[in-house]
Protein chains: 2
Amino acid sequence: MRKVDPEKHAAKRRLILDAAIACFARKGFHGTSTAEICAEAGMSPGNLFHYFPTKHTIIAAIVEEERQETAEIFRKLGEAEDLFAALLGFMDTVLELAGDPTYSSLALEIAAEAMRDERIGTLAAANDAELQGALAALLRGAASRNQIDRTVDAAGAARWIAAIIDGIFSRVAVDPGFKPKDEGAMLRLLLTRFLRPQG
Amino acid sequence: MRKVDPEKHAAKRRLILDAAIACFARKGFHGTSTAEICAEAGMSPGNLFHYFPTKHTIIAAIVEEERQETAEIFRKLGEAEDLFAALLGFMDTVLELAGDPTYSSLALEIAAEAMRDERIGTLAAANDAELQGALAALLRGAASRNQIDRTVDAAGAARWIAAIIDGIFSRVAVDPGFKPKDEGAMLRLLLTRFLRPQG
DNA sequence: TCATTATTAGACCGAACACTCTAATTTCGT
DNA sequence: ACGAAATTAGAGTGTTCGGTCTAATAATGA
C-alpha cells in the first residue's frame with residue numbers, strides 16, 4: 001500500500017503556484033494559458049491537472065495564500081508598544097511590497113477578478129475583512145492608549161486605510177513616477193494628520 | 001460620389017463602445033469575446049470590425065474616452081472661489097462614480113491591463129498625469145489663497161489624492177460593506193486634516 | 001520481489017477565439 | 001433613376017484554449 005507523501009505533494013503545489021503567480025502577474029488570469037503555466041513550471045498538463053483540477057482552483061489557491069501572508073504580518077505587529085508606530089511600520093511594509101511589480105500586478109488582478117467572478121469576490125472580501133479587522137483592532141488599541149485621536153471611528157478609519165493600501169498598488173500600475181520607496185514620508189504625514197490626537 | 005457621414009459614423013462607434021463597456025465591466029477585457037460585443041450591440045462581426053479593426057482599438061478608445069470625461073469634470077471646477085471646497089466637491093463626484101459598479105469595474109480593469117499591455121499602460125499613464133496635474137493646480141491655487149496648508153508639496157499631495165481615488169474604486173470590488181454614498185463625511189475629514197492650514 | 005498506487009508525459013479533444021471574406025443591400029450625389 | 005461608394009450580414013478561417021485520456025514509470029509496503 002503506497003501513501004501520498006504530504007511534503008512532496010505540498011512542494012509540487014507550491015512549485016505550480018509560484019509558476020502561476022509569475023505568469024498571472026505578467027499576463028493576467030485570463031491572459032495566461034494553462035500551457036504557459038506548465039512551461040513555467042516545467043511540467044506537462046497531465047501533471048499540472050493532477051495537482052489542481054481546474055485553472056480556477058489555482059487562482060483561488062493564490063488568493064487564499066495572500067490571506068495567510070497578511071495575517072502573518074499582523075501577528076508580528078500586535079505586540080508592539082506604540083501601536084500607531086506599528087501602523088506606520090505596517091504601511092512601510094506595504095510600500096515595500098508595492099515595490100515588487102509582481103505583487104502589485106497580482107493585487108490588482110485579484111481586485112479586478114473579484115468584480116467578475118463571485119467565487120473570487122467572496123475570497124477577496126474575506127481577505128479584506130480580515131485586514132480591516134486587524135487594522136481596526138490596532139486603531140482601537142492605539143486610541144485607548146491615547147496614541148491616536150479617540151473621536152475617530154476605528155472601523156471607519158480602518159476602511160479608509162484599506163482604501164489607501166489598494167490605492168498604493170494601483171499607483172504602481174498607472175503612475176510611472178510613483179516610487180514606493182520615496183513615498184514613505186508623505187504617507188506618514190497623511191496618516192499622522194488624519195489620526196493623531198487633535199490639539 | 002458618396003461620402004461618409006461623420007455623424008452617423010460617430011454614432012455607430014458610440015453604440016459599439018457602449019456595448020463594449022457593458023461587456024468589459026461584466027467580464028473583463030480578456031473575458032469577453034468580440035462575438036459578445038456584437039450581440040450586445042446587435043450587429044454582425046463584419047459590421048463591428050468595419051468600425052474598429054481590432055479588439056484592442058476598442059479598449060484603447062474606451063481608455064481615451066475616460067480621459068476626456070475627467071478633463072470635462074475639471075473644466076467646471078477651476079472657476080470656483082473656494083478651491084479646497086472645489087476639491088471636496090470633486091471627491092464627491094468620484095464617490096458618485098464609484099457608486100456605479102460599471103464604472104468601478106472599468107477603472108480596475110484598465111489599471112490591471114495597464115500592467116500587462118504597454119500600449120494601454122501608456123494611455124493610462126497619460127490619463128493619470130492629466131488628473132494629477134489638474135489636482136496639483138487646484139492645490140496650488142488653494143495654497144496661494146491660504147485655503148490649505150502652504151507647506152505641503154502640491155504635486156506630492158496630488159499623487160496621494162490620486163491614490164485615494166484609485167483606492168475608492170478598489171473598495172467597491174473588494175469590500176461589500178463599502179457604500180460610496182455613506183463615506184463622504186469620513187473622506188472629507190481625512191482630506192481636511194491632511195491639507196488644512198496647521199494651527 | 002511484487003502488487004499496488006502515486007506520479008508523470010504528451011497526444012489529443014471539442015469548443016471558443018479574434019478576425020476575414022464574399023456578397024448583398026443601403027445610401028446619396030448626380 | 002443610376003452607379004459608385006458606404007455599410008451590413010454571417011458563414012467561414014486557422015489558431016489556441018482549458019481540460020481529458022491512455023499509458024508508461026516511479027515509489028512504497030508487504
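A, B, ... follow the sequence lines: proteins, then strands. Residue 1 opens every chain. FYI, side chains are in, hydrogens and waters are out, and symmetry mates aren't considered; it's all heavy atoms of this structure.
Checked by atom type and distance alone, the side chain of B:N127 pairs as donor or acceptor with a backbone atom of B:V63 at under 3.5 Å.
For the pair B:K27 NZ and C:dA16 P, the computed distance is 11 Å after rounding to whole Å. The interatomic distance linking B:I59 (CD1) with C:dC19 (P) rounds to 9 Å, in whole Å. The interatomic distance linking B:Y51 (OH) with D:dT8 (C1') rounds to 8 Å, in whole Å. Atom C1' of nucleotide D:dA26 and atom NZ of A:K8 are separated by 9 Å, given to the nearest angstrom. To the nearest angstrom, C1' of C:dA9 lies 14 Å from CZ of A:F49. Summarising the geometry, the separation between CG on A:L15 and C1' on C:dT7 is reported as 14 Å, rounded to the nearest angstrom. Taking atom CG of A:L48 as the reference point, atom C1' of D:dG18 lies 11 Å away to the nearest angstrom. To the nearest angstrom, P of D:dA26 lies 13 Å from NZ of A:K12.
Of the candidate nucleotides C:dA9, C:dG10, D:dG18, D:dG18 has the atom lying nearest to any side-chain atom of A:S33. Closest to the A:S44 side chain, of the nucleotides C:dT8, D:dG18, C:dC19, is C:dT8. Considering only side-chain atoms of B:M43, the nucleotide from D:dA9, C:dA9, C:dC19 that sits closest is D:dA9.
Between A:G46 and A:H30, the residue anchored nearer the 5' end of DNA chain D, judged by the nucleotide with its closest heavy atom, is A:H30.
With respect to A:E109 and B:R116, a salt bridge is recorded, a charged nitrogen being found less than 4.0 Å from a carboxylate O.
The phosphate of D:dT8 has neither OP1 nor OP2 within less than 4.0 Å of any side-chain N or O from B:H50. Here A:N47 reaches the OP1 or OP2 of C:dA9: one of its side-chain N or O atoms lies under 4.0 Å away.
Ring pair B:Y51/B:H9: centre-to-centre distance below 6.0 Å. Residues B:F194 and A:F194 place their aromatic rings such that the two centres sit no closer than 6.0 Å.
Residue-level contact check: A:T34 touches the bases, meaning some heavy atom is under 4.0 Å from a base atom.
Once rounded to the nearest 0.5 Å, the distance linking CD1 of A:I148 with CG of A:L191 reads 10.5 Å.
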